[in-house]
Amino acid sequence: MRVRQDLALRVIEAIQAAQTIGVLPEFEIPTVVIEKPRDPSFGDYACPTAMQMTRLARMAPMKIAEAIANYMPEVEYIDSASLAPPGFVNFRLTAGFLQGQVEEILALGLNYGSFNLGDGRRAQVEFVSANPTGPLGVHRGRGGVMGDTLARAMEAASFDVTREYYFNNAGRQMEMLGESLNIRYRQALGQGAELGGDHYQGDYLYWIALVLVGQYGDSLLEKPREFFSKIAEETIFASIRATLKRLNIVFDVYYNEDDLYTSGRVWEALDELRLKGYAYEKDGAYWFKSSELGDEKDRVLIKSGGEPTYRMADIAYHWHKSERGFDLVVDIFGADHHATAPTVMMGVKAMGQDPDFVHVLIHQFVTLIREGEQVRMSTRRGHFVTLDELLDEVGPDAVRYFMLSRSGNSTIDFDMDLAVEQSDKNPVYYVQNAHVRCAGIFRKWDEAGLPAEADQDADLSLLTHENELAFLRKALELTETLELMVTQYEPHHIAFYAYELAALFHPTYETCRVLHSEVPEPLRLARLRFYRAAKQLFARVLDLMGMSAPEVM
RNA sequence: GCCCCAGUAGCUCAAAGGAUAGAGCGCCGGACUUCUAAUCCGUAGGUUGGGGGUUCGAGUCCCUCCUGGGGUGCCA
């Protein structure tokens, strides 16, 4: 259940009731917000609406708050509604409702916390979208993790999500790639050949060339450039997919930019822009009159050589997105690509579509830190740390967690030493260890030969320890966290939630023992039930982050 | 020049316009014959970059200035 949403409705009922009676004057009720008080001693939820209504009601905020509290309908999960200056109405959850979360978690399993916001509407998350010209770098990894995690949250919010990867395997880029591999091939054969400045410098092409030499000798020397382009693309794309798979990222659709040309959609989009008066010819090229839509200058759509720019293709691509029936589209770009998005949105708008169905999510860079020093990553010389290398060094769980551990607006200093440290300093282990500790209890229980289903009818009202209740309160926050992620397009919240949940778990584990002899039998069974739910909840949260939930570490 | 992001505890960062701005690390002081201490408990630490404004209420919104990073192609 979405407690905040439900409480907001009840508060509206209270205001309406007070208005009917005449305790409050008639006025249009503003949006009622329910928030979490910073200080838990105030309660579990708070409503500041009375203060917003002082002008509307022409009454002192405390008087309004009093009216709300007095006319609140009976809410079964609320223990008390209290007032606090300057006009808060605070609510406290009943212990019974919190204890009930144990069964709720166990019944819903990997669906706990899910809620209906999307109502089955179709959403697309487009991310990574690197062209197959080389291995993924770490900052693509950030986009990948953010996109996949946001997609998971949107699925939990009842959206029908398509994960899409948009790429270009045509044009000059692929020509250069093919030439580069051709040169590397000749180098691998011991022939003199040098890469030009525009060629791809990374040594990964040399490794591909070595494999070619091993398999085919020099029999490929007469093959055309297209042959090498194809080999390079296929090999690199396979490795990109493999890298993403390691990160638990799988795409539903790989959308090839080339399809936009072969289907003629690019030209249709151009015609559409011309028809609407937003495209014109000048100097042998076609230009987008984007300056009329707020851009600082017009942009080239079709180069004088007849080839469309990436911008033209992007506009056609987004035009197609709405035609494909997506109600909501999230595009995830690194900060290095953020400048292109506004023009594309202008193009969508120019063609008569509401660009608001697209949300562009920009993330900042990732800096790798090793032994306190920044790891130099020079893309120009091809000496950059690849995502694969990072995965080799710290493992997928750490990559997923750390990429989520900052707001997308902040740069990440990825501490590679911390990421592999096996202690409570490392949040990855700290969170996963909570799951491990739960698993340990059940392992011990089984080893003692005790019945596996013993806790099935446990008396959960015995879970009265403040630590247990605090943990269950936090469990209830999962829905709110998911809602925040989806509505604000901020996937990082799940990492903070996971950490906070673990930070409430560990003290509970220390204080609320299960198997110790001094724990009376009914309480033992209630706690066993509690830890069964806790384990399930950590499995759920780790799954939302795309991380593994180990039984033992 | 213009655009985007950031500036919050010594460090790395949270904070959905609400109450006394929170965590972790580090520092200092405690706790292991453990349901694996890969953990817990406690202390200290702040003019939210500067200045103005809007609001009952601003780290959050507006204006302005400063500092750092990124972007600003008929490259993608």
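In what follows, chains carry the letters A, B, and so on, assigned in the order in which the sequence lines appear, proteins first and then strands, with residues in each chain numbered from 1.
- Taking atom P in both G45(B) and G22(B), one finds a spacing of 14 Å when rounded to whole Å.
- Note: Tyr254(A) and Phe167(A) have perpendicular aromatic rings, judged against thresholds of 30 and 60 degrees for the angle between ring planes.
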Contact pattern, 5' to 3', of nucleotides 71-76 of chain B - B, S or - by protein heavy atom under 4.0 Å: SSSBSB
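- Going from atom CG of Asn433(A) over to atom P of C40(B) covers 9 Å, rounded to whole Å.
- One atom, CD of Gln422(A), and another, P of U39(B), lie 10 Å apart when rounded to the nearest Å.
- For Pro37(A), the side chain to side chain contact (heavy atoms under 4.5 Å, CB included) partners two or more places apart in sequence, or in a different chain, are Phe42(A), Ala46(A).
- Whole-Å rounding puts the Asp415(A) CG to G26(B) P distance at 12 Å.
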Trace of the ring pair (Phe, Tyr, Trp, His ring centres under 6.0 Å) decision for Phe333(A) with His338(A): CA-CA 6 Å; Phe333(A) 297 129; His338(A) 84 270; 9.8 Å; no
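- Between Thr508(A) and Pro37(A), the residue anchored nearer the 5' end of RNA chain B, judged by the nucleotide with its closest heavy atom, is Pro37(A).
- Rounded to whole Å, the distance from CZ on Phe471(A) to P on C40(B) is 14 Å.
- Computed from coordinates, the Tyr430(A) OH to U39(B) C1' distance equals 8 Å when rounded to whole Å.
- Between the P atoms of U43(B) and G59(B), the separation comes to 26 Å (whole Å).
- Under a 3.5 Å cut-off, the side chain of Gln432(A) and the backbone N or O of Ser548(A) do form a donor-acceptor pair.
- No side-chain donor-acceptor contact under 3.5 Å links Asn131(A) to the backbone of Thr133(A).
- Comparing the C1' positions of A15(B) and U60(B) gives a spacing of 9 Å, expressed to the nearest Å.
- Among the protein residues, Asn90(A) comes within range of the nucleic acid bases, having at least one heavy atom under 4.0 Å from a base atom.
- Lys63(A) NZ: 12 or fewer foreign heavy atoms inside a 6.0 Å radius.
- Rounded to an integer number of Å, the gap from CG of Asp424(A) to P of A38(B) is 9 Å.
- Comparing G49(B) with A6(B), their P atoms sit 12 Å apart, to the nearest whole Å.
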5'-to-3' dot-bracket of RNA chain B (Watson-Crick, G-U; under 3.5 angstrom; crossing pairs as [ ]; | other strand): (((((((..((((....[...))))..((((.......))))......(((((..]....))))))))))))....
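- If you take atom P in C41(B) and the same atom in U67(B), they sit 44 Å apart, rounded to whole Å.
- Ala503(A) comes within 4.0 angstrom of no nucleic acid atom, judged by non-hydrogen atoms across all strands.
- Looking at Arg142(A), its side chain does come within 3.5 Å of a backbone N or O of Gln364(A) through a donor-acceptor pair.
- Between Val3(A) and Phe91(A), the closest side-chain pair of non-hydrogen atoms is not below 4.5 Å.
- Nucleotides C62(B) and A44(B) place their C1' atoms 38 Å apart, quoted to the nearest Å.
- Here the separation of A76(B) from U39(B), taken at their C1' atoms, is 49 Å to the nearest Å.
- In this model, no donor atom of one side chain and acceptor atom of the other lie less than 3.5 Å apart for His506(A) and Asp424(A).
- Ring geometry for Phe505(A) against Phe538(A) counts as perpendicular: the plane angle is over 60°, on a 0 to 90° scale with 30° as the lower cut.
- For the pair Arg311(A) (side chain) and Thr340(A) (backbone), a donor-acceptor distance under 3.5 Å is absent.
- For the side chain to side chain contact (heavy atoms under 4.5 Å, CB included) with Met176(A), the qualifying choice from Met174(A), Arg172(A), Gln173(A) is Arg172(A), the only one to do so.
- Of the two residues near RNA chain B, Gly440(A) and Ile362(A), the one whose nearest nucleotide lies more 5' is Ile362(A).
- Between the side chain of Glu66(A) and the main chain of Pro61(A), no donor-acceptor pair closer than 3.5 Å is present.
- Scored by the side chain to side chain contact (heavy atoms under 4.5 Å, CB included) test, Pro451(A) finds Ala454(A) as partners (sequence neighbours excluded).
- Nucleotide U55(B) holds its C1' atom 14 Å from the CG atom of Leu56(A), rounded to whole Å.
- Within 4.0 Å of Cys512(A), counting heavy atoms only, lies at least one base atom of the nucleic acid.
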Are any protein N/O atoms closer than 3.5 Å to N/O atoms in nucleotides 28-32 of chain B? If there are, list each pair with its distance.
none

Per-nucleotide protein contact string for nucleotides 5-18 of chain B, where B marks a base within reach and S marks sugar-phosphate only (heavy atoms under 4.0 Å, - for neither): SS-----SSSSB-B
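- Rounded to the nearest Å, the gap between the C1' atom of G42(B) and that of U8(B) is 25 Å.
- Of the possible polar contacts, one joining the Thr309(A) side chain to the Met312(A) backbone as a donor-acceptor pair under 3.5 Å is found.
- Rounding to whole angstrom units, CD of residue Glu510(A) and P of A38(B) are separated by 11 Å.
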